[in-house]
Amino acid sequence: MLTLKLPDGSVRQVPEGTRPREVAASLGKRLAQAAIAAKVNDKVVDLDSELRDGNGELSFQVLTDKDKEALAVLRHSCAHIMARAVLRLFPGAQLAFGPALENGFYYDIDSPTPIREEDLPRIEEEMRKIIAAAEPFERFERPTSEARELVRDLGQGYKVEHIDDDLKQYPTLSFYRQGEFIDLCRGPHVPHAGKVGAFKLLSIAGAYWKNDASRKQLQRLYGTAFFNQKDLDAYLHQLEEAKKRDHRVLGKQLKLFTISPAVGSGLILWMPKGATVRGILEGFIKEELLKRGYQPVYTPHIGRLELYRTSGHFPYYRDAQYPPLFLHQLGQTVDTWLALLESDQLSEQAEAAFLKLLEEAGKTMTDVPGEPAATLGRYAAAGKDKAKKAEALQAWLGRQEGYLVKPMNCPHHIQIYKAEPHSYRDLPVRLAEFGTVYRFEQTGELAGMTRVRGFTQDDAHLFVTPEQIEEEFSANLDLVLFVLSSLGLNDYRVRVGLRDPQSDKYVGKAENWEKAEQTLLSLVQSRGMNFSAEKGEAAFYGPKIDFVVRDCIGREWQLGTVQLDYNLPERFDLEYIGKDNAPHRPVMIHRAPFGSLERFVGILIEHFAGAFPLWLAPEQVRVIPVSERFREYGQRIENELRSHGFRVAGDYRPEKIGYKIREAQLEKVPYMLIVGEKEQSAGTISVRDRVDGDLGAMSIAELVKRLHDEVKERRIRQVSTASAGLSERGAQFAD
RNA sequence: GCUGCUGUAGCGUAGUGGUAGCGCGGCGCCUUGGUAAGGCGCAGGUCGUGGGUUCGAUCCCCACCAGCAGCUCCA
């Protein structure tokens, strides 16, 4: 016998092998009808699974359409239904993976005839037939070798590969059958297809088999499903609403920024209003840094290539950088040559052409530094040895004067640290700069302000003694948290980025990594922070703690980051003189509370739906005269407020005030001042608030005080209709 | 970078193998007003760029550029 503990605390005895469906039936007829799956000891299982293994008691819960876990089961089943429909319409299609997602599901499919967006309605139509038939999902198991034969006979090559690669260690594998459709699947599933109350196929996109860009690209069909139409409609409506706060849309509407193909992809042009917001944020940070003992520095936008070879950035991220600039034009050529050689893309003809070019140059150009002839000799001597050829070219390139548009500020800051000797008494040294960096991000990655090719980090590098690490690192976590909370950005998650033990992309000694990772983990633990430790998310020189937020369509972006680095100090041979009068190696902390100003402002636009709080609003107050007769009075008010440091504009167009108010409202101006006959004669203004509407008449002094207080406290009043979507989103993504 | 889709006036959009409409915005005139759109009129387009097919291309084909969604990447 098994003892089941039900959610209400009551206990029930059932024989071993009883099915959840039977338990549900014994609990009540309606419950049995509503049952989707069951949760046994926190594991979601089919209604037809057998209850076993009752050492002590099992916690048992019937899941219905009220439970979140049931929705995930439904979506997974809907993915199967979609796959079944696709197999009917696209014979020969092969299935890869088809999981449920937070908000829906997908299935990766490799079809001999590509599936197009126009095909989605047909597939939906077929799915509706399957759902109407309401056939059950039947689970069965096979020993692994038989399972392999079965999927092979079904013509499902990806499933065969999946078994060979990942599932061999299991003695048996499970399948689900639904009519003619059989799929290798762990489950669980809803009892029958009819449980899918509402669904919609949303899009098709490419996705690599096993998420590996070197493997075949499949078609990923996305969809979502709910228990009823109302929930689906609500979800689709919410998607539409979320899109309205897209920073790319609002940035254009509110004239915050623009991107011009004439300047280049991923390069942000800050328009006056956006620049105002950015400037205020910069001031905000600068003030904080001053309080926290940082020292400002400025460094140039380019640096010697050699510097970035030493730091490792150039070799590690070569493809993601703008190509180096060589003072001698031959440098570019040889650099291209080397890049082709290293990536195995150098054809014989190209190689011959390069050789000829270098030879000619050696003869005719008298200004080529670094003896091209000797390089040619070494290259020829290398024969077919790729590494030696590369060495020859590198040796020549190393003697060229070359510069890199900086992809990172740290090497520059390190040179400032190195410019003078340091005593342990000086440490920590905290060098801060709004450093603009350039990275050649892949075209497919560019997105508004959130993923760009040129951006400004609110960067700083701390040089500390080993004893200071914890305190300084912790202080920086405080700074990031302070910044986020000052802006009401509470919907973020904390990620501890650790190295991936499988990968060789990391520099430095294992023991340093070990030490650094332990420091970070114990720090977040002792602070009681919610975090997820993720392997493979570290920087190449050290582990880090990132603050990650979502944009209006649910994509995650890293904002603030604090990173611990034992390795660059070693690469650059940094020192300080300790108490013992001997040189010691400092440790570096890299950190940026905003991350990049571009991305941060982009996320802020979405967070506030364009309605910035008063202290950030590019235009804080707009004076709106009732008619042109009150222009002079309006301008007097403007000047008065301006003299108090507020950002003010006046709208003196010959339009009715309703029109002008509407416009100011749409432009998200926090305060509108209506002035007419009454106000002029009483020396007052009528104040209209963006959130609360008409506040009535006020003296200028009263208004100034109100504005001052609101700015000083950096009050965030506006999490109103416009940003309601965000809290909904927060709730939705809460787990 | 890869897969798919898109590109028409400043913005949002309609449309067609015979060189283009609408709304908002802009400009002008009338209206001088009291808290989310007053009226009339005018101007504004090499239909992303470059090739090709065709008697003729904004429309069909190719390449490039840019954007969107997803994948991969992200110091």
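So that the names make sense, note that chain A is the first sequence line, chain B the second, and so on, each numbered from 1. What you are looking at is a predicted structure, and each value in this text was computed from that prediction instead of being measured.
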Given Watson-Crick and G-U pairs under 3.5 Å, RNA chain B in dot-bracket ([ ] crossing, | other strand) is (((((((..((((....[..)))).(((((.......))))).....(((((..]....))))))))))))....

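Residues forming a side chain to side chain contact (heavy atoms under 4.5 Å, CB included) with Glu241(A) (at least two apart in sequence, or on another chain): His237(A), Lys244(A). Taking Asn567(A) as the reference, nothing meets the side chain to side chain donor-acceptor pair (under 3.5 Å) condition, with sequence neighbours excluded. When the salt bridge (charged side-chain N to carboxylate O under 4.0 Å, His left out) test is applied to Lys509(A), the partners found at least two apart in sequence or on another chain are Glu570(A). Partners of Leu89(A) by side chain to side chain contact (heavy atoms under 4.5 Å, CB included), not counting sequence neighbours, listed by chain and number: Arg122(A), Ile123(A), Glu126(A). Contacts of Arg451(A) classified as salt bridge (charged side-chain N to carboxylate O under 4.0 Å, His left out), with partners at least two apart in sequence or in another chain: Glu441(A), Glu445(A). For Asp573(A), the salt bridge (charged side-chain N to carboxylate O under 4.0 Å, His left out) criterion is met by Arg585(A), not counting sequence neighbours. Asp108(A) meets the salt bridge (charged side-chain N to carboxylate O under 4.0 Å, His left out) test with Arg220(A); sequence neighbours excluded.
With C71(B), G26(B), A75(B) as the candidates, the nucleotide lying closest to the side chain of Arg220(A) is C71(B).
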Give each protein N/O atom lying under 3.5 Å from an N/O atom of nucleotides 1-8 of chain B, with the pair distance.
from  : atom 1 : to        : atom 2 : distance (Å)
G1(B) : OP2    : Thr443(A) : OG1    : 2.5
G1(B) : N9     : Gln442(A) : OE1    : 3.1
G1(B) : N7     : Gln442(A) : OE1    : 3.2
G1(B) : N7     : Gly444(A) : N      : 3.4
G1(B) : N2     : Tyr208(A) : OH     : 2.6
C2(B) : O2'    : Gln217(A) : OE1    : 2.1
C2(B) : O2     : Gln217(A) : NE2    : 2.9
U3(B) : O4'    : Gln217(A) : OE1    : 2.7
U3(B) : O2     : Gly206(A) : N      : 3.4
C5(B) : OP1    : Arg116(A) : NH1    : 3.0
C5(B) : OP1    : Arg116(A) : NH2    : 3.3

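Residue-to-nucleotide contacts include no donor-acceptor pair under 3.5 Å from the side chain of Arg599(A) to the base of C74(B).
The distance between atom OH of Tyr659(A) and atom C1' of A36(B), rounded to the nearest whole Å, is 12 Å.
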Show me, pair by pair, the donor-acceptor contacts under 3.5 angstrom made by side chains of residues 255-272 of chain A, not counting sequence neighbours?
from      : atom 1 : to        : atom 2 : distance (Å)
Ser260(A) : OG     : Ala262(A) : N      : 3.0
Trp270(A) : NE1    : Glu598(A) : OE2    : 3.4

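Positionally, the nearest nucleotide of RNA chain B for Ser265(A) lies more toward the 5' end than for the other of Gln558(A) and Ser265(A).
Applying the salt bridge (Lys or Arg N to Asp or Glu O under 4.0 Å) test to residues at least two apart or on different chains, the pairs with a partner in residues 299-309 of chain A are Glu306(A)-Arg309(A).
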What string of B, S and - do you get for nucleotides 30-35 of chain B 5' to 3' if you count protein non-hydrogen atoms under 4.0 Å?
-BBBBB

